[in-house]
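Structure first, then comments.
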Amino acid sequence: MDALATALPALGEAWALILQPVVLGYLVLGVVMGLAVGVFPGLGGIAGLSLLLPFMFGMEPVLGLALMIGMVAVVPTSDTFASVLMGIPGSSASQATVLDGFPMAKRGQAARALSAAFTSSLFGGLVGALFLTLFILVARPIVLAFGLPEMLMITILGLSMVSVLAGRVALKGLAAAGLGLMIGTIGEADAGGSLRMATYDIPYLTDGLQLVIVGLGIFAIPEIVSLLRQDRSIAKDAKLGSGWMDGVRDWAANKWLSIRCSLIGVLVGVIPGLGGSVVDWIAYGHAVQTTKDKSNFGKGEIRGVIGPESSNNAKEGGGLVPTLLFGIPGSGSMAIFIGAIALLGSGDIEVGPNMLRDNLDITYSIVWLLALANVVGTLLCIAASGGIARLTTIRFTYLAPFLFMLISFAAFQSGQNFEDLLALFAIGLIGIFLRRFDWSRPAFLIGFVLSNPVEKFSNQAFQIASFRFRSSFAEGMDYIFSPIVIILIVITVVSVVLGIRQAKTIMAEGDVKSGSKRAPIVFLLVIAAYLVTALINAQMIPDYNLTDKIVPLVVGGISLLCCLIILGQMMLRPETDVVFADKEIAGEDADAPYGLWSTLAWFASLIAGTFLFGFIIALVGFMLSFLRVRAGAGWAKTLILTAAGLAFMCLMAGALNRDFPPGLLQDAVDLPWPLN
Amino acid sequence: MNARKLALTAAVSALAIAGQAQAEVDFSGKTIEWVIPFSETGGSAKWANFFAPLLAEELPGNPTVVVKFMPGAGSTKGANWFQEQEHEDGTLLFGTSGSTQFPYLLDDPRVRYEYSDWVPVMASGTGGVAYLNPTDGEKFDGSADALKDTAFIYGSQGATRLDLVPLLAWQMLGMNVEPVFGIKGRGDGRLMFERGEATIDYQTSSGYLGASADLVAQGKAVPMMTWGALDEDGNIVRDPTFPDMPTFKEVCEATEGCETQGDAWDAWKAFFIAGFPVQKIAFLPAGTPDDVAQTYSDAFDAVRSRPDFAERAMQQVGEYPVFVGEGAANAAKEGTTVSDEAKTYVQNWLQEAYGVSLN
């Protein structure tokens with residue numbers, strides 16, 4: 001009751017602050033800017049907020065907040081466009097949306113998928129705000145209850161979703177997740193700074209691979225290449241099927257799922273240090289487990305869209321809790337947000353424990369501005385979804401060069417190195433083969449995403465636990481097996497058991513036929529060889545840095561074991577067994593008019609051209625030749641499309657103050673922007 | 001003088017002439033990237049975010065100043081990257097912290113950077129406050145005598161980082177503090193303390209003012225000591241931001257077995273200076289011409305002379321001097337050199353206490 005007595009007046013003040021025309025105007029401005037940035041895969045709230053930061057100094061606090069929150073709030077909404085329409089995860093928050101959203105687009109139901117996603121996002125955002133309004137007053141002790149063992153268990157719960165997504169051969173899913181974890185350990189270790197599968201001679205590798213690049217490489221490139229080989233539109237019969245009203249109805253039919261996933265989103269978002277990386281996967285797993293007929297997952301099940309999308313906007317609200325209460329940002333954009341708040345007004349709003357006491361009205365303004373921005377953003381997106389969904393009816397060969405352009409640019413933005421493009425290509429190759437041989441790509445990505453948290457939390461929890469055990473056995477047990485940990489263990493076990501039972505019905509890559517033995521075995525041996533190399537490499541780390549080697553050794557060992565068992569199965573079983581799944585045997589890929597390598601060569605040529613002449617010049621050459629030769633377009637069409645692509649790229653990069661990858665030419669000669 | 005050197009000299013003088021002939025440095029329409037080799041949660045982020053907009057207002061042409069984060073390996077990753085950058089158009093600024101200075105001072109093999117190559121334009125100091133959980137805080141009476149039998153847990157970024165100063169101080173006081181390595185910023189350490197997983201913590205002044213002071217006010221933490229500040233003559237005196245708290249020197253004097261002279265003390269003091277009074281330095285990359293460096297120096301000078309600077313600084317980063325120009329160069333020198341004796345002492349201690357060998 002006490003809390004309510006303080007909350008209500010502050011809530012009233014907050015609404016009085018928000019509902020001024022000028023504040024709403026700034027909010028809409030922020031939303032529009034956020035939409036413009038958010039539809040770009042790989043660029044999100046961080047790029048947008050950095051752009052706004054210089055204007056925040058001394059700005060009226062409510063106006064500045066409206067502008068920034070408008071921008072941040074729509075990113076998890078607008079990134080859905082890329083996920084559903086192109087199969088490119090727009091940001092880490094909508095990776096799981098790709099799994100069912102993109103197959104829906106392929107079936108001509110893009111508008112339906114989009115509007116269901118947007119409605120879920122809106123709803124998630126509102127549920128999040130409602131929940132936070134009360135929760136924020138009592139959140140502090142709950143957040144503090146999540147120590148290292150608890151966070152480790154949440155991470156493991158996220159990893160357990162691998163069991164749901166592993167596909168028909170569980171061992172292959174497990175090995176794929178292990179490979180993802182191992183790829184995630186590349187670079188300098190956090191604890192001791194040892195190098196893993198990296199050397200100082202290649203500085204790029206010491207940084208480790210960026211999530212943007214791995215996400216694009218694993219999901220986007222294989223799909224783009226496959227569609228391009230088939231030379232058709234994304235929607236198979238090139239017609240727009242059901243419209244956006246269906247999507248809203250779908251959401252209404254699944255509103256309880258949406259509510260549950262929203263709450264999952266808020267609660268996981270609240271825990272500092274985990275942020276958005278696991279939320280959408282947990283929500284997806286939940287959607288799968290609570291659906292009776294699981295046969296449609298991975299092939300365009302609407303519940304697979306509604307679940308993650310409900311959670312990812314709610315998560316933004318949840319992420320405000322550690323940000324505002326502890327001054328610890330849950331994500332990169334929240335970090336910039338904290339910095340920006342300190343600049344507002346006379347600088348007296350300080351994020352941290354004092355926030356609730358001194359600025360409860362501002363806190364509530366933030367929560368509800370976020371909700372309001374969700375409403376505005378969603379309405380804009382739904383209004384646009386019918387039109388934008390038409391993209392799926394265009395012959396894909398005309399879209400592909402633009403997509404190659406976009407993902408190269410996005411990949412480059414993550415680290416501003418030419419190597420970003422090479423990494424994108426290399427990961428893309430892994431993605432292509434994982435897809436071809438039906439090794440679960442979602443499992444690989446979950447492994448990659450959770451690699452760092454798993455390593456960090458397990459090392460630190462182990463250290464603290466061993467100190468506690470030294471003081472007394474009971475104290476150690478209390479620490480490791482807190483009630484929250486036990487609950488999470490039960491949930492995880494149930495989830496794994498259910499997952500393994502269900503996995504066989506979920507075919508994320510469709511029904512892949514088997515046929516020949518050679519190609520699948522070669523791929524398996526390549527993976528095993530990498531694992532062996534990584535294991536030897538980890539073993540070479542000196543023992544005083546045990547924290548840097550233990551996780552790679554254990555994970556690598558288990559993954560290698562999986563590979564060996566699969567190899568054994570391959571020796572024993574006939575070549576028609578599912579373990580030999582290969583997309584080149586039968587189906588879309590096998591029947592495609594174009595080959596894999598010739599198609600991939602086009603993308604490689606863009607990268608090689610960039611290496612020599614810089615991105616913009618290479619892009620002109622690539623677009624012209626691709627459209628003329630591969631797409632067979634007339635000169636007029638070719639020139640217009642090339643010019644449009646260039647103009648779009650320059651406009652976007654100019655507005656965001658971004659550079660393009662330079663090449664050898666730029667080392668030799670100074671050229672004006674954008675050629676430099 | 002060989003041909004190569006001659007050519008170099010010619011090039012340099014040509015550059016200098018070009019620099020003079022050029023109009024004043026102007027950053028209109030440009031974006032200045034201020035790279036911080038830490039994550040978003042720590043004191044360095046706060047420091048750069050605090051200065052960035054002020055700097056943007058004072059630099060000619062009012063450029064946009066963006067703070068970028070490049071965390072990893074206790075900041076050596078970012079510093080190694082910066083070492084490879086060359087002067088282009090003066091739009092790259094780099095901020096180091098004590099955690100960047102320390103690996104350099106300790107000959108860490110991962111260090112591929114050389115401070116003397118870079119051009120310092122601003123330096124500022126900070127202080128640090130150590131605090132205890134309430135239970136053990138009760139036993140603290142200005143000396144650490146009653147704390148010697150307790151095993152403390154401390155969330156640490158690594159023994160060779162800035163955490164070296166508190167770890168060595170606690171060790172000198174005879175306390176038994178076990179570090180848990182691998183956290184990403186002091187903010188995470190504080191959270192670990194709040195959750196009760198860590199039982200002792202320290203924060204730099206800004207971090208302490210931002211959140212830990214609140215814990216103290218609520219009785220959830222008890223301040224133990226500051227590291228102190230340096231006076232004109234190089235003596236350790238009370239920290240002006242926390243005049244009521246004893247310094248480590250005072251606590252050490254009151255504690256049995258802790259000496260404020262000798263090898264241990266000299267080593268601690270040397271690393272304290274590198275880590276706190278000259279903790280944060282803003283650098284331009286190697287090869288930056290004088291006029292650009294001067295422009296930055298003047299801009300920072302204008303920033304610290306703002307009438308509202310003291311008030312804003314107090315809230316955000318604590319009340320410590322900001323050095324520019326010559327002052328920054330001196331500070332940078334002092335903060336990036338220690339005597340061989342101090343270095344050897346600390347290297348041996350790291351090896352014995354934590355098995356950390358830096359070769």
Side-chain angles (χ1 to χ4, degrees), chain A residues 50-51 53-54 56-58 140 143-148 187-193 195 200 203 206-208 272-273 322 326-329 331-332 334-336 338-340 342-343 346-348 350-354 357 455-456 459-461 463-464 467-468 470-471 479 542-544 547 657, chain B residues 31 39-41 45-46 48-50 52-54 56-57 62-70 72-74 76-77 80-81 84 108 110 112 151 153 155 158 178-185 187-188 190-192 194-198 210-211 214-215 218 308 311-312 315-316 354-357:
Chain A
S50 318
L51 200 71
L53 202 58
M56 290 298 133
F57 193 73
R140 213 178 153 76
V143 172
L144 288 176
F146 276 81
L148 293 167
E188 272 175 341
D190 278 340
L195 287 181
Y200 281 115
T206 62
D207 296 6
F326 296 89
I328 292 173
S331 62
M334 277 298 145
I336 301 178
I338 291 185
L343 303 175
S346 50
D348 51 0
E350 199 183 343
V351 171
N354 309 340
R357 202 179 52 218
E455 178 163 28
K456 185 168 76 182
N459 274 333
Q460 293 179 354
Q463 283 185 66
I464 291 188
F467 294 145
R468 299 275 169 108
R470 229 175 291 162
S471 81
Y479 176 68
D543 276 338
Y544 63 79
T547 48
N657 226 325
Chain B
T31 299
S39 80
E40 298 89 339
T41 56
K46 208 166 178 177
N49 277 330
F50 168 69
L54 298 164
E57 284 193 2
N62 300 105
T64 309
V65 181
V66 188
V67 180
K68 279 191 148 185
F69 303 94
M70 197 186 276
T76 55
K77 180 168 116 184
N80 286 340
W81 168 85
E84 283 164 27
D108 188 310
R110 289 169 300 145
R112 310 252 161 145
I153 295 176
E178 306 221 43
V180 170
F181 293 122
I183 63 165
K184 278 255 170 110
D188 295 342
R190 189 186 68 233
L191 202 59
M192 214 184 247
E194 275 193 69
R195 291 196 302 252
E197 290 178 315
D214 206 58
L215 294 180
Q218 292 171 30
D308 61 346
E311 193 195 332
R312 278 182 173 270
Q315 282 167 359
Q316 295 288 318
Y354 305 111
V356 176
S357 150

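Order of the sequence lines fixes the chain letters, A, B, ..., with proteins taken first and strands second; residue numbering starts at 1 for each chain. Just so it is clear, the values below take in all heavy atoms, side chains as well, and ignore hydrogens, waters and symmetry mates.
Using a 4.5 Å cut-off between heavy atoms, A/F146 touches chain B through its backbone atoms (N, CA, C, O) alone. Heavy atoms closer than 4.5 Å to chain A are found in the side chain of B/L215, but not in its backbone.
A/L144 approaches B/E194 most closely through the heavy-atom pair CD2-CB, 3.6 Å.
With rounding to the nearest 0.5 angstrom, the CD atom of A/Q463 is 9.5 Å from the CD1 atom of B/I153.
The shortest side-chain heavy-atom distance between A/Q460 and B/E197 does not fall under the 4.5 Å cut-off.
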Intermediate values then yes/no, side chain to side chain contact (heavy atoms under 4.5 Å, CB included), B/M192 and A/L148: CA-CA 8 Å; B/M192 214 184 247; A/L148 293 167; 3.8 Å; yes

